[in-house]
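Here is the structure we will look at, set down as structure tokens.
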Amino acid sequence: MRRFLVAGNWKMNTNRASGQELAAALAVDSPAAEDGVEVLVCPPYPYLTTISDKVAGSGVQVGAQDVYFEASGAFTGEVAVDMLRDVGCDYVIIGHSERRHVMGETDETINRKVKAAIAGGLKVILCVGELLSDREGGHTESVLDAQMTGGLADISEQDGKDLVIAYEPVWAIGTGVTASPEQAESAHEHLRNWIANRYNSTFSDNVRILYGGSVKPDNAETLMGQTNVDGALVGGASLKPDLFVPIIDAARKLATA
Ligand code: PEP
């Protein structure tokens, strides 16, 4: 039985005070003994310690939006896995479309980050997703296959025991355009089959695949209600408790249905 995961990617938003306020509201909504839904927030690096402190003792977990693959040294501006663990991170997002398409990250770099994060004890949310031109050209599945093959190169079943995949069609991120439930389910089913072929069906049955791309309270339940959708990676709507909490509540409703 896969447990829903609802994750908020704050991107380069909030400041110390607004982040604390947001985290405090979520901590109240998600006490430690919370039901079948895992809640995660991924603030900007400078606020990780503050937000970890703020949600301590609640059911809200903290993750980072990226990580570097080297352990330490002369890598100006980068942040290592151990540093993230040290400030209370359980998860890290790797391969977000903005890292791929704005910062130019390749599957090879992403794979090095995935390996380093897993080796250092962080749970990885590996993001994959096609551009609009890929979809219109009928290349969605081959793009997803290439990103999965590249991102998970040399990752064993044991390495991947806490792996989470986020399917995020690039054309749906921050655009207000959401994949239809059918489009999401079709991509998620494809990804689960890919995992079953690469590993095995027991493993693929356990891997959570989140949907991301303009998830809002009014579409969350339908999207997460699809057979192969195990939660959501939420950008814009994760910055406001009155939008994010209803998305978590939609997962709670589905978890207890
Ligand atoms: C994201 O940043 O991962 C995302 C899905 O953003 P939004 O929900 O704003 O589309």
Side-chain angles (χ1 to χ4, degrees), residues 4-14 18-19 22 26 37-45 47-48 51 61-67 89 91-105 110 113-114 117 123-132 134-135 140 143-144 147-148 151 163-181 183-185 187-188 191 208-226 228-251:
F4 281 101
L5 171 61
V6 179
N9 173 13
W10 294 4
K11 310 195 190 194
M12 201 170 71
N13 293 302
T14 69
S18 67
L22 177 51
L26 297 175
V37 176
E38 231 181 301
V39 177
L40 171 70
V41 293
C42 300
Y45 287 142
Y47 307 130
L48 284 169
I51 301 303
Q61 297 179 83
V62 176
Q65 300 171 18
D66 188 31
V67 68
C89 287
Y91 280 90
V92 61
I93 298 170
I94 297 181
H96 189 277
S97 79
E98 287 144 21
R99 305 267 355 143
R100 291 176 186 270
H101 300 294
V102 182
M103 280 72 178
E105 272 187 23
I110 289 164
K113 293 183 174 187
V114 169
K123 297 176 187 172
V124 169
I125 300 178
L126 172 64
C127 299
V128 296
E130 81 287 1
L131 297 165
L132 184 58
D134 299 324
R135 177 161 283 270
T140 297
V143 167
L144 296 181
Q147 292 175 344
M148 292 289 281
L163 179 70
V164 176
I165 303 294
Y167 169 61
E168 298 208 306
V170 181
W171 47 271
I173 298 180
T175 58
V177 179
T178 314
S180 69
Q183 286 172 322
E185 174 58 17
H188 283 231
L191 288 166
R208 290 178 295 181
I209 308 178
L210 313 183
Y211 169 79
S214 299
V215 175
K216 300 279 181 298
D218 63 357
N219 57 30
E221 189 177 338
T222 320
L223 285 161
M224 292 190 287
Q226 301 303 304
N228 285 291
V229 180
D230 308 308
L233 179 54
V234 185
S238 72
L239 295 168
K240 295 193 174 120
D242 59 338
L243 295 179
F244 196 48
V245 169
I247 296 171
I248 300 167
D249 284 343

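Count residues from 1 along the sequence. Each ligand, and each atom within it, is numbered from 1 in the order the structure gives. The figures that follow rest on heavy atoms only: side chains count, while hydrogens, waters and symmetry mates do not.
- Atom CD of residue E105 and atom OG of residue S97 lie 11.0 Å apart, to the nearest 0.5 angstrom.
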From CA spacing to verdict: side chain to side chain contact (heavy atoms under 4.5 Å, CB included), Q226, H188: CA-CA 9 Å; Q226 301 303 304; H188 283 231; over 6 Å; no
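- Checked by distance only, ligand 1 and L233 stay at 3.5 Å or farther apart across all their nitrogen or oxygen atoms.
- A 4.5 Å side-chain heavy-atom check between S214 and T175 finds at least one atom pair inside the cut-off.
- Taking every heavy atom of G213 and a limit of under 4.0 angstrom, the matching atoms of ligand 1 come to 5 (C), 10 (O).
- Taking the side chain as every heavy atom from C-beta outward, M148 and L191 approach each other to under 4.5 Å.
- Each of the following atoms of ligand 1 lies closer than 4.0 Å to a heavy atom of K11: 1 (C), 2 (O), 6 (O).
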Are F244 and L22 close enough, and set up right, to give a side chain to side chain contact (heavy atoms under 4.5 Å, CB included), and what steps lead you there? CA-CA 10 Å; F244 196 48; L22 177 51; 5.8 Å; no
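- Nearest protein neighbour of atom 1 (C) of ligand 1, counting heavy atoms only, is H96 NE2, 3.2 Å.
- Ranking protein heavy atoms by distance to atom 8 (O) of ligand 1, first place goes to G235 N, 2.8 Å.
- Ligand 1 has no nitrogen or oxygen under 3.5 angstrom from a nitrogen or oxygen of E98.
- Remark: distances from the non-hydrogen atoms of C127 to ligand 1 are all 4.0 Å or more.
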Determine, stepwise, if the pair L40 / I125 fulfils side chain to side chain contact (heavy atoms under 4.5 Å, CB included). CA-CA 11 Å; L40 171 70; I125 300 178; 3.6 Å; yes
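- The shortest N or O to N or O distance between I173 and ligand 1 is not under 3.5 Å.
- Close contacts between ligand 1 and A172 involve ligand atoms 10 (O) [criterion: under 4.0 Å to a heavy atom].
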Could you give me the CA-CA distance, side-chain angles and deciding distance for I93 and R99, then say whether side chain to side chain contact (heavy atoms under 4.5 Å, CB included) is met? CA-CA 10 Å; I93 298 170; R99 305 267 355 143; over 6 Å; no
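- For the pair V41 and V62, the minimum side-chain heavy-atom distance is below 4.5 Å.
- For A237, no nitrogen or oxygen atom sits less than 3.5 Å from a nitrogen or oxygen atom of ligand 1, counting backbone and side chain alike.
- Proximity to G174 (heavy-atom distance under 4.0 Å) selects the following atoms of ligand 1: 7 (P), 9 (O), 10 (O).
- Within the 4.5 Å cutoff, the side chain of V124 has heavy atoms near those of the V92 side chain.
- K216 does not count as a contact of ligand 1, since none of its heavy atoms falls under 4.0 Å from the ligand.
- Distance from atom 9 (O) of ligand 1 to its nearest protein heavy atom, with residue and atom name: G236 N, 2.8 Å.
- Checking only distances, E168 does come within under 3.5 Å of ligand 1, N or O to N or O.
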